[in-house]
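Just so you know, residue 1 is the first one in the sequence shown, and it goes up from there.
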Amino acid sequence: IIEALRSKKLDIALLGPFSYVLAASVADVEAFALMETDKQGPTYRAVIIARNDHGVHSLKDLAGKTFAFVDPSSTSGHLFPKAALIKAGYNPDTFFSRVIFSGGHDASAIAVQNGKVDAAAVADALLDTAYSRGMVKQNEVSVVWTSEPIPGAPIVYRRDLPADAKAKIRAAFAQVQNVPWGPKMTIKRWVPTDDAAYDVVRDTAKRLPIVAGTPL
C-alpha cells in the first residue's frame, strides 16, 4: 500500500499508525482523519498480557520467558512494547528465551491463553474483544504493562491531490456516521487529525533498530 501511494497508484488509504509514519517518510502523503468506533475512541493503548500462573507481573519478570509480537510493522503489537523494553534497559533480542511473530492480535492473545507463550503484546481494544468472545479468559490472563495513548489508524491522501478534491474528501468522511465495520463493530464517526498527531509514534520508532536508516 505504501509503495502504491508513493507511485501514485493510490490516492487514499487506511494505514496503521506506524505504517503511516513509514509512508510519510517515503511518500508524499498526509493523515486527515481517523475512525472512532463503538469500541475504541481516537486513541488506544498497547498492552502486554501474561497468564496469571506463569509468574509474570511486570516487565522485569519477562526475562527468559517466551513472547509473542504481532508483526514487525504493528504499532501496538511490536513498536510500542519493544520501545518500552528498550527504555527500561532491556535488550529485546536477548531478553526472552524465544520470540515469535504471531501475525495477528487474536493469535497472540490465544497463544498466551493456551500457554504457547508466556506473554504477548496486543492492542487493548482487541484484547477486550478477545475477552468478550471467550477466546481469552479474563480470570486467567492479566495485563502487566500498558503504553501511553497511541493515535488511531489514519486515513491518508496524497498531498499533491488538488486542494478542492482534498476538501471534498474531508467533508465526505465527516458525514460518515454509524456505519457497520466488520461483523461486530460500528464506525461512529471520522475524527479530524493531522501529521503532527503521529509525532509520538515517530519518537517511539526512533528507539528501535528496525527503523535505523529510515528518514523519520
Side-chain angles (χ1 to χ4, degrees), residues 1-24 27-47 49 70-71 73-80 102-110 121-136 138 143 146-202:
I1 292 173
I2 293 173
E3 175 56 25
L5 288 165
R6 188 195 67 79
S7 61
K8 300 185 179 183
K9 294 180 179 179
L10 271 181
D11 299 317
I12 307 170
L14 173 64
L15 297 174
F18 182 41
S19 296
Y20 167 65
V21 168
L22 292 176
D28 195 19
V29 298
E30 62 180 323
F32 67 89
L34 54 85
M35 73 172 70
E36 181 178 323
T37 74
D38 56 338
K39 300 181 184 297
Q40 179 180 304
T43 63
Y44 69 110
R45 296 176 188 267
V47 297
I49 59 173
V70 171
D71 180 90
S73 64
S74 173
T75 307
S76 57
H78 185 225
L79 176 67
F80 272 74
S102 70
H105 293 263
D106 287 352
S108 288
I110 292 171
V122 297
D124 59 352
L126 296 176
L127 175 61
D128 289 341
T129 299
Y131 284 146
S132 65
R133 293 181 180 176
M135 293 184 291
V136 176
Q138 198 163 1
V143 173
T146 303
S147 75
E148 61 190 302
I150 305 169
I155 285 282
V156 310
Y157 48 38
R158 297 201 333 265
R159 289 181 186 272
D160 62 354
L161 293 179
D164 61 337
K166 291 193 288 188
K168 290 177 181 178
I169 292 168
R170 291 193 302 271
F173 272 88
Q175 294 175 25
V176 176
Q177 295 183 355
N178 301 318
V179 175
W181 180 261
K184 294 186 178 181
M185 188 178 296
T186 299
I187 298 176
K188 294 171 60 179
R189 60 175 180 154
W190 289 90
V191 181
T193 192
D194 57 24
D195 182 77
Y198 294 86
D199 285 345
V200 63
V201 182
R202 288 187 176 87

Undergrad: NZ of Lys8 to CG of Asp28: how many Å apart, nearest 0.5 Å?
TA: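 Going from the NZ atom of Lys8 to the CG atom of Asp28 covers 8.0 Å.
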
Undergrad: So which atom in Asp195 and which in Ala24 form the shortest heavy-atom distance, rounded to 0.1 Å?
TA: OD1-CB, 4.2 Å

Undergrad: Heavy atoms only: give me the nearest Tyr44-Pro151 pair and the separation to one decimal.
TA: CE2-O, 3.6 Å

Undergrad: For the residue pair Phe32 and Tyr157, categorise the inter-ring angle as parallel (less than 30°), tilted (30 to 60°) or perpendicular (more than 60°).
TA: parallel

Undergrad: State the CD-CG distance between Gln138 and Asp128, to the nearest 0.5 angstrom.
TA: 7.5 Å

Undergrad: Using 0.5 Å steps for rounding, measure from the CD atom of Glu3 to the CG atom of Leu5.
TA: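 With rounding to 0.5 Å, CD (Glu3) is 9.5 Å from CG (Leu5).
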
Undergrad: Can you check whether Thr75 reaches Tyr198 side chain to side chain, under 4.5 Å on heavy atoms?
TA: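 No - every pair of side-chain heavy atoms lies 4.5 Å or more apart.
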
Undergrad: Atom OH of Tyr20 and atom CD1 of Ile2: how far apart are they, to the nearest 0.5 Å?
TA: 11.5 Å

Undergrad: Would you indicate whether Leu14, at its atom CG, is surrounded by more than 12 heavy atoms from other residues, nucleotides or ligands within a distance under 6.0 Å?
TA: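 Enclosed.
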
Undergrad: Find out whether Asp194 and Glu30 are in side-chain contact, i.e. whether some heavy atom of one side chain is under 4.5 Å from a heavy atom of the other.
TA: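 No, their side chains stay 4.5 Å or more apart.
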
Undergrad: Roughly how far apart are Ile169 CD1 and Ile155 CD1, rounded to 0.5 Å?
TA: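 Here the rounded value is 10.0 Å.
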
Undergrad: For a quick test of reading the model, state the closest non-hydrogen atom pair linking Ser76 to Ala123 and the distance between them.
TA: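 Smallest interatomic distance, heavy atoms only, reads OG-CB, 3.4 Å.
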
Undergrad: In the structure I gave you, are the side-chain heavy atoms of Leu127 and Val143 within less than 4.5 Å of one another anywhere?
TA: yes

Undergrad: Would you call Asp11-Arg158 a salt bridge at under 4.0 Å N-O?
TA: yes

Undergrad: Given Phe80 and Glu148, is the side-chain contact (heavy atoms from CB on, under 4.5 Å) satisfied, shown in steps?
TA: CA-CA 9 Å; Phe80 272 74; Glu148 61 190 302; 4.0 Å; yes

Undergrad: Assess whether atom NZ of Lys188 is packed by more than 12 heavy atoms of other residues, nucleotides or ligands within 6.0 Å.
TA: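 Result for NZ/Lys188: open.
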
Undergrad: Considering non-hydrogen atoms only, spot the tightest contact between Val122 and Ser108 and give its length.
TA: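 The answer is CG1-CB, 3.8 Å.
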
Undergrad: Which atoms form the tightest heavy-atom contact between Arg202 and Val21, and what is the distance?
TA: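 Smallest interatomic distance, heavy atoms only, reads CG-CG1, 3.6 Å.
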
Undergrad: Are Leu79 and Ile150 close enough that some pair of their side-chain heavy atoms sits under 4.5 Å apart?
TA: no

Undergrad: For a 4.5 angstrom cut-off between non-hydrogen side-chain atoms, does Phe18 reach His78?
TA: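 Not touching, per the 4.5 Å side-chain cut-off.
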
Undergrad: Indicate the atoms forming the closest heavy-atom contact of His105 with Ser74, along with that distance.
TA: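 Shortest heavy-atom contact: NE2-OG, 3.9 Å.
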
Undergrad: Less than 4.0 angstrom from a charged side-chain N to a carboxylate O is my criterion; do Asp124 and Arg45 meet it?
TA: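 Result for this pair is no, no salt bridge flagged.
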
Undergrad: Taking atom CG of Leu126 and atom CE of Met135, what is their separation to the nearest 0.5 Å?
TA: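 Nearest 0.5 Å value for the CG-CE distance: 8.5 Å.
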
